[in-house]
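Every heavy atom of this structure was used, including side-chain atoms; hydrogens, water molecules and symmetry mates were not. Residue numbers start from 1 in every chain, and the chains themselves are labelled A, B, ... in the order their sequence lines are given, proteins ahead of strands.
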Protein chains: 2
Amino acid sequence: MVTIKDIARTLGVSVGTVSKALNGRDDVGDELRARIIDTARELRYEPDPIARRLVTKRSRTLGVFMLDRQGFGVRRNFGWLFLDGILHGAAEREYDLVLFSNTDDTRYERSYIDICRSRRVDAAIIVGLRGDDRYLDDVLNAPIPVALIDTEVSGGSATFVSSDNRAGAALALEHLASLGHEKVATLRAPFSYPGRLRYEAWAEFAAALGCFRDDYVRDGDFTPESGMSAAESFAAMREMPTAIFAASDLMAIGLIRGFEKRGVRVPEDISIVGFDDIPNADLVGPALTTVAQDTLGIGKAALDAVLDELDSGSRREEILVEPRLVVRQSCAAPRAAAGSVKG
Amino acid sequence: MVTIKDIARTLGVSVGTVSKALNGRDDVGDELRARIIDTARELRYEPDPIARRLVTKRSRTLGVFMLDRQGFGVRRNFGWLFLDGILHGAAEREYDLVLFSNTDDTRYERSYIDICRSRRVDAAIIVGLRGDDRYLDDVLNAPIPVALIDTEVSGGSATFVSSDNRAGAALALEHLASLGHEKVATLRAPFSYPGRLRYEAWAEFAAALGCFRDDYVRDGDFTPESGMSAAESFAAMREMPTAIFAASDLMAIGLIRGFEKRGVRVPEDISIVGFDDIPNADLVGPALTTVAQDTLGIGKAALDAVLDELDSGSRREEILVEPRLVVRQSCAAPRAAAGSVKG
DNA sequence: GCTGGAATCGAAAACGTTTTCGACAGAGAA
DNA sequence: TTCTCTGTCGAAAACGTTTTCGATTCCAGC
């Protein structure tokens with residue numbers, strides 16, 4: 001591996017001068033600088049990031065923690081989608097990403113922030129942090145910039161990045177209204193913070209529409225199974241809603257499967273709209289109309305947040321990125337009236 | 001940040017002795033070693049990995065390249081699933097993972113191996129490398145250990161890690177046979193290496209079963225769209241197969257949707273089995289029976305491969321990890337005979 | 001008592017950078 | 001001419017480790 005000394009030796013100058021020339025400092029002559037740059041290129045010199053970090057005290061590296069939420073496992077882990085946005089932003093700003101996970105409990109018997117400290121990363125992005133995480137306090141009092149994505153918690157010294165859940169829910173609800181629905185129910189996920197926000201948006205909407213009824217809300221836990229049982233429950237009602245806003249795609253798909261089993265068809269008999277736009281949501285039958293989280297935008301925003309804090313020293317409390325409605329085939333206009341004849 | 005000097009100073013010993021004591025060398029007294037370890041703990045000393053790397057010349061870091069295959073985008077990128085296995089393995093063996101992506105073309109105007117060189121990573125795992133990648137030669141002649149996952153290519157100095165595609169296909173085919181199917185077709189993906197392997201397994205199976213017919217094979221490109229058009233084509237046949245082995249889940253789901261549109265039902269009228277077990281494959285209606293790639297195992301195997309090569313210097317050509325069949329609801333026994341009545 | 005070796009520790013170099021400070025030359029102003 | 005200033009460069013320290021080698025002590029064996 002060719003070092004800065006090699007360049008210095010072949011040119012007969014000092015290493016300090018080479019370093020300054022390569023780093024664009026102004027106390028080196030133009031002619032010499034050109035020669036240094038030339039031979040650096042000829043020798044295919046690459047500055048050693050390790051040595052550089054040792055002296056500059058900044059690693060130009062940030063830690064990303066992919067936390068396994070409630071044991072869903074990888075296949076259901078939505079978090080990977082954010083990683084792509086983070087990755088792009090990091091590449092643009094010439095930072096490296098080191099990746100950690102907490103699924104291996106035996107190893108990470110230490111706080112995420114401790115890991116950051118030992119790895120000397122400049123900042124951290126944590127995706128999927130739960131409210132009952134045992135290291136929650138450490139995270140919220142971290143001495144380095146931290147961004148939280150896809151998380152239940154808020155507050156503290158970390159910046160909270162998420163979709164604008166209320167706006168997203170409004171998008172879905174307005175779509176339903178524009179289709180002519182007047183009886184729209186919800187399957188909420190009240191235990192999570194985003195879930196509560198989405199529910200509140202529904203509650204306001206339903207109140208405005210005059211269809212707020214206690215028996216139009218069911219509780220789920222983000223799993224398809226909870227969607228299926230909610231479908232059973234809805235299907236048994238005397239006066240079924242004509243549309244359901246589910247707080248997540250997984251639950252929305254559970255609803256579809258549950259209704260399917262009971263013989264009520266989507267979207268002919270009932271419209272269903274989800275939230276998230278999980279992978280392959282366009283492939284379940286019928287293709288799910290849902291409000292898509294801008295996972296790329298969220299990842300990028302989180303990255304910009306911590307890096308900006310690193311540069312400027314000023315932290316942002318919260319960043320909301322706008323989701324967008326993607327209409328597919330699980331919603332339709334309600335049937336003329338809740339008649340008695342079936343066909 | 002507390003350094004090795006701090007603990008040397010408080011104990012009145014030299015830094016070299018502290019280093020040796022902490023690293024378990026045998027030329028330091030037991031009593032002194034104990035005191036050093038104690039004060040290291042008291043001072044919450046963490047060895048600086050940067051400084052350590054500078055002198056040991058090993059970074060204990062490996063690069064992972066997530067390549068965006070054929071513009072599928074993140075949502076369709078199967079690659080993330082492997083990352084989890086890699087992550088676990090890396091944690092166990094105390095290596096750090098730095099992540100790269102190639103989706104940002106403007107930045108990565110340099111070979112992956114060049115990036116490894118500049119980042120001083122000890123080894124690399126590349127997922128999703130295509131056969132026509134412009135840096136293919138560089139990868140296959142890399143001076144560091146490299147493992148290839150989910151890739152079309154093989155050979156060279158890299159170790160190739162993948163599912164045992166032939167065995168996996170056999171699993172699916174035998175399942176179909178055990179259900180009583182005698183006319184099983186295939187939707188292949190001949191342009192890719194794994195696709196060809198899966199097709200060969202089908203061909204052998206079909207030959208053994210006596211149902212090998214040219215018009216029982218259709219070509220797809222791994223997209224759901226190609227599955228849909230294949231379904232059209234199959235549905236138009238005078239003598240339809242009773243089951244189809246698709247070379248990927250995406251195509252299998254496309255088949256289901258295509259048949260659905262033509263009024264042929266899965267699995268009542270035709271059975272369909274996929275390959276991969278993509279996220280949420282259990283949620284499409286009907287739940288897809290498929291052969292699941294052991295993504296965790298593959299990731300772990302790739303990691304072990306490069307790390308073992310780093311330790312021992314000996315490289316493995318190819319590692320095949322066994323997939324497993326997961327039967328869900330898209331396959332059933334064939335109907336008694338191709339009768340004329342519909343119900 | 002002397003020699004040999006083992007055990008224990010410190011001094012110092014090394015890794016590849018960046019950065020500070022001082023040296024020196026030349027140019028311009030007094 | 002002398003003084004000051006600017007421009008250009010080198011020497012050296014520093015970052016926090018690891019590792020080699022030499023120094024010292026201690027004890028067993030003769």
Side-chain angles (χ1 to χ4, degrees), chain A residues 1-41 43-61 94-96 116-122, chain B residues 1-41 43-61 94-96 116-122:
Chain A
M1 194 101 333
V2 35
T3 78
I4 212 174
K5 300 183 184 178
D6 297 321
I7 303 180
R9 191 167 347 105
T10 64
L11 249 43
V13 297
S14 77
V15 291
T17 307
V18 175
S19 172
K20 285 183 291 190
L22 258 24
N23 288 347
R25 303 214 156 232
D26 59 353
D27 63 341
V28 47
D30 290 338
E31 189 264 351
L32 178 55
R33 178 194 307 277
R35 275 168 50 213
I36 288 177
I37 291 179
D38 281 350
T39 59
R41 195 179 349 251
L43 265 40
R44 302 197 60 196
Y45 166 74
E46 297 265 4
D48 188 336
I50 311 268
R52 195 201 300 255
R53 284 169 200 171
L54 184 60
V55 47
T56 61
K57 309 260 79 188
R58 283 189 51 167
S59 67
R60 285 199 84 81
T61 286
E94 310 221 20
Y95 265 74
D96 280 349
C116 289
R117 212 170 62 92
S118 78
R119 296 314 203 290
R120 305 298 195 268
V121 299
D122 293 336
Chain B
M1 193 100 336
V2 36
T3 79
I4 212 174
K5 301 183 183 178
D6 296 320
I7 104 176
R9 192 169 343 106
T10 64
L11 248 44
V13 298
S14 79
V15 293
T17 307
V18 176
S19 173
K20 285 183 289 188
L22 259 24
N23 288 347
R25 303 216 156 230
D26 58 354
D27 62 342
V28 45
D30 291 338
E31 189 264 353
L32 178 56
R33 178 195 306 277
R35 276 167 51 215
I36 288 176
I37 291 179
D38 281 348
T39 59
R41 197 182 344 253
L43 266 40
R44 302 196 61 196
Y45 166 74
E46 297 265 4
D48 188 336
I50 312 269
R52 197 202 299 257
R53 285 170 199 169
L54 184 60
V55 46
T56 61
K57 309 259 79 187
R58 282 190 51 166
S59 67
R60 284 198 85 81
T61 287
E94 311 222 20
Y95 265 73
D96 281 350
C116 289
R117 213 170 60 93
S118 79
R119 295 314 204 291
R120 305 297 195 269
V121 298
D122 293 337

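Using a cut-off of 4.0 Å between Lys/Arg side-chain N and Asp/Glu carboxylate O, B:Asp6 and B:Arg9 are scored as salt-bridged.
Atom CG of A:Asp27 is separated from atom C1' of C:dT18 by 12 Å (rounded to the nearest Å). Atom-to-atom, CG of B:Leu54 to P of C:dT17 comes out at 9 Å; the value is rounded to the nearest Å. Rounded to whole Å, atom C1' of D:dG10 lies 17 Å from atom CZ of A:Arg9. A straight line from CG of B:Leu43 to P of D:dG16 spans 14 Å, rounded to a whole angstrom. As rounded to whole Å, 9 Å separates atom C1' of D:dG7 from atom CG of A:Asp26. Rounded to an integer number of Å, the gap from CZ of B:Arg25 to P of C:dG10 is 16 Å. For the pair A:Lys20 NZ and C:dT17 C1', the computed distance is 14 Å after rounding to whole Å. Distance, B:Glu46 CD to D:dG16 C1': 14 Å, rounded to whole Å.
When the nearest nucleotides of DNA chain C are assigned to B:Asp30 and A:Val18 by heavy-atom distance, the more 5′-ward of the two goes with B:Asp30. Along DNA chain D, the nucleotide nearest to B:Thr3 and the one nearest to A:Val15 differ in position, and the one closer to the 5' end is contacted by A:Val15. Where A:Ser19 and B:Gly16 each meet DNA chain C at their nearest nucleotide, the meeting point lying more 5' is that of B:Gly16.
In the set C:dT18, D:dG16, D:dG10, the nucleotide with an atom closest to the side chain of A:Thr17 is D:dG10. The B:Ser14 side chain lies nearest to C:dA11 when the options are C:dT17, D:dG16, C:dA11.
For C:dG16, the base has no donor-acceptor partner in the side chain of B:Lys57 [N/O atoms by modelled type, under 3.5 angstrom].
Looking at A:Ile37 and A:Leu22, their side chains come closer than 4.5 Å, going by heavy atoms from C-beta outward. Residues B:Glu46 and A:Arg117 form a side-chain contact, since some pair of their non-hydrogen atoms from C-beta on lies under 4.5 Å apart.
Counting non-hydrogen atoms under 4.0 angstrom, B:Leu32 reaches the backbone sugars and phosphates but no base.
Considering only side-chain N and O atoms, B:Lys5 lies nowhere under 4.0 angstrom from the phosphate OP1 or OP2 of D:dT17.
A donor-acceptor contact shorter than 3.5 Å is absent between the side chain of B:Arg119 and the backbone of A:Pro49.
Atom CG of A:Asp27 has more than 12 heavy atoms from other residues, nucleotides or ligands within 6.0 Å.
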